4 protein chains.
Amino acid sequence: MTIAERKAREKKRKRNTILEAAEKLFAKEGYHTTTMDNVAEATDFSKGTIYLYFKNKDDLFFTILDERLDTHIRELKERLSKTIDLKETIVELVTEQLTFFEKHHYFFRLTIAEQCKIEKTPGSDLRQHFLKKQMTFLMMIEEALSSRMSAGKQYPFSARSLALCLMGSTHAHMMNWLMSRGQQDLQKSRDEIIQLILNRIEV
Amino acid sequence: MTIAERKAREKKRKRNTILEAAEKLFAKEGYHTTTMDNVAEATDFSKGTIYLYFKNKDDLFFTILDERLDTHIRELKERLSKTIDLKETIVELVTEQLTFFEKHHYFFRLTIAEQCKIEKTPGSDLRQHFLKKQMTFLMMIEEALSSRMSAGKQYPFSARSLALCLMGSTHAHMMNWLMSRGQQDLQKSRDEIIQLILNRIEV
Amino acid sequence: MTIAERKAREKKRKRNTILEAAEKLFAKEGYHTTTMDNVAEATDFSKGTIYLYFKNKDDLFFTILDERLDTHIRELKERLSKTIDLKETIVELVTEQLTFFEKHHYFFRLTIAEQCKIEKTPGSDLRQHFLKKQMTFLMMIEEALSSRMSAGKQYPFSARSLALCLMGSTHAHMMNWLMSRGQQDLQKSRDEIIQLILNRIEV
Amino acid sequence: MTIAERKAREKKRKRNTILEAAEKLFAKEGYHTTTMDNVAEATDFSKGTIYLYFKNKDDLFFTILDERLDTHIRELKERLSKTIDLKETIVELVTEQLTFFEKHHYFFRLTIAEQCKIEKTPGSDLRQHFLKKQMTFLMMIEEALSSRMSAGKQYPFSARSLALCLMGSTHAHMMNWLMSRGQQDLQKSRDEIIQLILNRIEV
DNA sequence: TATGAATGAGCGTTCATTCAT
DNA sequence: TATGAATGAACGCTCATTCAT
């Protein structure tokens, strides 16, 4: 049915409009400061309409995080599947992170901010679900690195530590980039990170 | 005036009581989820009294961040003042960061979370002030590293990039430590980070 | 026009589908708790369609009450038309009430609940209309009783008071029946009410 | 402490102001139609203030019902404690009901309306609590009657049925009184009900 | 200085109603 | 006739802030 298809596509399109507007707002202002009114205004829908597409504010919020993380995971997986040795893997990892976050820097901010809230209160199921997925993401990276670390060699650091340093370094550069309002060259950041990690610092 | 001094000291003490209780709450629950009622309860002062010491919630919040960052800067400065070469500097930097954040992990969370909200809307002056101080902090580190980078050598990365990688790496390990609820060994994290940055990775 | 007739009948049938589903919902959940969405779901019509048959929620609600009360009145009238003396009339009255309400206990709840809201604000015209019809119903019963009260005898109560006692007693038994979720014997209730009203209580 | 006492009394007074205003509104308009704004307006408190005295709308609503029913029960108990034979008991019962409801006719409406909502959904704990208390009330009356029914005599009705008829009859007369906006004589209603129940209707 | 009762703007959410298709 | 997406007013409730005591 072309007519049903068209409707479904239209619905998807509208849903995406909301997601994108909301992502921007949440990233700029934070979860609590962003109101559903704000989202409605930003989308040219009325407030009630938002609730036709998302059950509530939490649902909207975590859907954003979740779907973005999914594509992030997918893209990274694909990229890493082509690498063989550790060096390549590190290069691809850093590159992918910076590329993805440059494109989705709204998501970047959200995801970092969300990590900080390690409250005891379990929060909604949606939140739990997202945190779990994030852990999985980290473990995926750890494993990718681990499998490329030569069995014969002795490394003075664990795969997890390497993963954390790589992610932390890219995050810090991203943050710096955001602070400078995008005036810095992320390509250069990439090279510097890679150099730093892969080559001995002459002390 | 001994009597005036005593009063002043007493006032300072009470102010600190509030700051400490509030820091804990803000870090555990986040800025918005923490209410002034919560703070009042946690301090055994009444809600009205909090307002005698802090102009409003924002003032309370950023005073916490600000004063903590001050001591962080002071301690780091002192530690770095004793280092001479780059290696030493890096070691001390990483050590100080992890030590300080382990002790003040409440502050750690707050400060990271706050960085993420890069609104165009300037926010309160307090916020602006804090962000500026954070930038200063980063520049201080950058300078400390820069001054120890031998003039004669060629580094394939800038001092800023090195600063970012170091901070990012420690942050990531801190986050990981928080996620595991403090079950990991931060001392080991320190060593791994230093190894990773200072020694060539055999690829 | 057979075709027009068929259409008209079809329309009536659909209208009734809605009325019955709505009656059940309103009685179970109450007026405010029942949403037009609920009604739509229960009828397999879409929400918009409901509005083709009823001007608004109030119209739907009071149409239910009104039409049920009409049949109640009609049935009672018919039954009472066959009675001659007071005793018979009382018996038939109680019997009819219990029979009807047992069958239409949804209506029973609604009608009682509605009586309680005696606002000064006139409410919708529909509400006024229904309340008036209810008054008429009461007067009809009063008259039926009055006309059977022997002109020669002195009664220590008015026909209205008798009417109120009879209706109140049946209502109370109905309520009791509903509370026990239909586990009590309404036939027995009928006999007891009649005994109570018609025979002297030996004190 | 006179000062603490005064405060406590003042608080109680204000609480009562709210309860009375709310009772009136709920009775006139019904639970759902009455808004917390309405209550606030009617009390000259602000909306927020209402929430200092009652946890939420439900709490406010059922507190009204509950406290009124408590005094109703207490007063009835006291009155019935002085009666010996069945006749007296019936007289006192009817008298108490009409007297109490005349004074608290707002409560009367509320309590009847509430009985009608016998939804499956259990509702709040408060609701459950109130319904249970109402059942207890009915059983108390049943027992009072039962204990005065001579062991030696045969009654063609149960104590419960008698209780239901008495309460239903008074309720019906109350409703009639409310409909006529208090223009009827409740004293006369009382006599008629008693005559009707206690003397044989000459048929 | 310390209190805590009072405020009221603002939030997330619901739902009767409309209207283009 | 039938649909269901869209609306927006209105609700219950929260909480930062004030102020009389």
Side-chain angles (χ1 to χ4, degrees), chain A residues 3 6-7 10-11 14-15 31-40 43-61, chain B residues 7 10-11 14 31-41 43-61, chain C residues 7 10-11 14 31-41 43-61, chain D residues 3 6-7 10-11 14-15 31-40 43-61:
Chain A
I3 205 162
R6 190 191 296 261
K7 267 196 177 177
E10 189 62 11
K11 185 156 187 171
K14 285 177 187 172
R15 202 183 101 110
Y31 178 83
H32 283 98
T33 318
T34 301
T35 70
M36 292 302 269
D37 270 294
N38 290 336
V39 177
T43 55
D44 274 335
F45 285 114
S46 85
K47 200 166 22 163
T49 305
I50 310 290
Y51 284 87
L52 294 179
Y53 291 87
F54 301 94
K55 220 178 57 196
N56 52 33
K57 196 184 176 183
D58 253 43
D59 185 26
L60 174 56
F61 184 69
Chain B
K7 268 195 175 174
E10 188 59 11
K11 181 155 186 176
K14 287 179 185 169
Y31 177 83
H32 283 97
T33 320
T34 301
T35 70
M36 293 303 268
D37 271 291
N38 293 151
V39 176
E41 274 169 41
T43 56
D44 274 336
F45 285 112
S46 86
K47 206 175 6 172
T49 305
I50 310 286
Y51 283 86
L52 293 179
Y53 291 88
F54 301 93
K55 218 179 62 197
N56 53 34
K57 197 184 177 185
D58 255 43
D59 185 25
L60 174 57
F61 183 69
Chain C
K7 267 196 178 176
E10 188 60 13
K11 180 156 187 175
K14 287 178 185 172
Y31 177 83
H32 283 97
T33 319
T34 302
T35 69
M36 294 302 269
D37 271 291
N38 293 152
V39 176
E41 274 169 41
T43 54
D44 275 335
F45 284 112
S46 86
K47 205 171 12 166
T49 307
I50 310 287
Y51 282 86
L52 293 178
Y53 291 88
F54 301 94
K55 213 179 64 198
N56 52 32
K57 196 181 176 185
D58 256 43
D59 184 24
L60 173 58
F61 183 70
Chain D
I3 204 164
R6 190 192 294 263
K7 266 196 177 175
E10 188 61 10
K11 183 155 187 172
K14 286 176 188 171
R15 203 184 100 109
Y31 178 83
H32 282 100
T33 319
T34 301
T35 70
M36 292 303 268
D37 270 294
N38 290 337
V39 176
T43 54
D44 273 335
F45 284 113
S46 85
K47 202 175 8 171
T49 305
I50 310 290
Y51 284 88
L52 294 179
Y53 292 87
F54 301 94
K55 221 178 56 197
N56 50 36
K57 195 183 177 185
D58 253 44
D59 184 26
L60 173 57
F61 184 69

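Please read all numbers here as calculations on a predicted model, not as lab measurements.
- Here the P atom of nucleotide E/dT1 and the OH atom of B/Y53 are 7 Å apart, to the nearest Å.
- Taking NZ from B/K11 and OH from B/Y53, the interatomic distance works out to 6.0 Å, rounded to the nearest 0.5 Å.
- Look at CZ on D/R15: it is 14 Å from P on E/dA6, rounded to the nearest Å.
- How far OG1 of C/T43 is from CD1 of C/I50: 4.0 Å, rounded to the nearest 0.5 Å.
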Item to check | A/Y31 vs A/K57, side chain to side chain contact (heavy atoms under 4.5 Å, CB included): CA-CA, chis, key distance, verdict | outcome: CA-CA 9 Å; A/Y31 178 83; A/K57 196 184 176 183; 3.7 Å; yes
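- One distance of note links NE2 of D/H32 with OG1 of D/T34; it measures 10.5 Å at 0.5 Å rounding.
- Rounded to whole Å, atom P of E/dT17 lies 10 Å from atom CG of C/L60.
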Next on the checklist: Please encode protein proximity along nucleotides 7-14 of chain E as a string of B, S and -, counting only heavy-atom distances under 4.0 Å.
Outcome noted: BB-BSBBB
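- In the helix from E/dA2-F/dT21 to E/dT21-F/dA2, the terminal helix axes, each the rotation mapping four pairs' C1' atoms onto the next four within five end pairs, subtend 10°, rounded to 10°.
- Look at A/K14 and you'll find a side-chain N or O under 4.0 angstrom from OP1 or OP2 of F/dA6.
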Next on the checklist: Checking D/E10 against D/K14 for the side chain to side chain contact (heavy atoms under 4.5 Å, CB included) test, could you report, in this order, the C-alpha distance in whole Å, the side-chain angles of both residues, the deciding distance, and whether it holds?
Outcome noted: CA-CA 6 Å; D/E10 188 61 10; D/K14 286 176 188 171; 3.6 Å; yes
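- Using a 4.0 Å heavy-atom criterion, one finds that D/F54 contacts no nucleic acid atom at all.
- Atom CE of B/M36 and atom CG of B/N38 lie 10.5 Å apart (nearest 0.5 Å).
- Rounded to the nearest 0.5 angstrom, D/Y51 OH and D/D59 CG are separated by 10.5 Å.
- Across B/V39, B/T33, B/D37, a single residue satisfies side-chain contact (heavy atoms from CB on, under 4.5 Å) together with B/T35, and that is B/D37.
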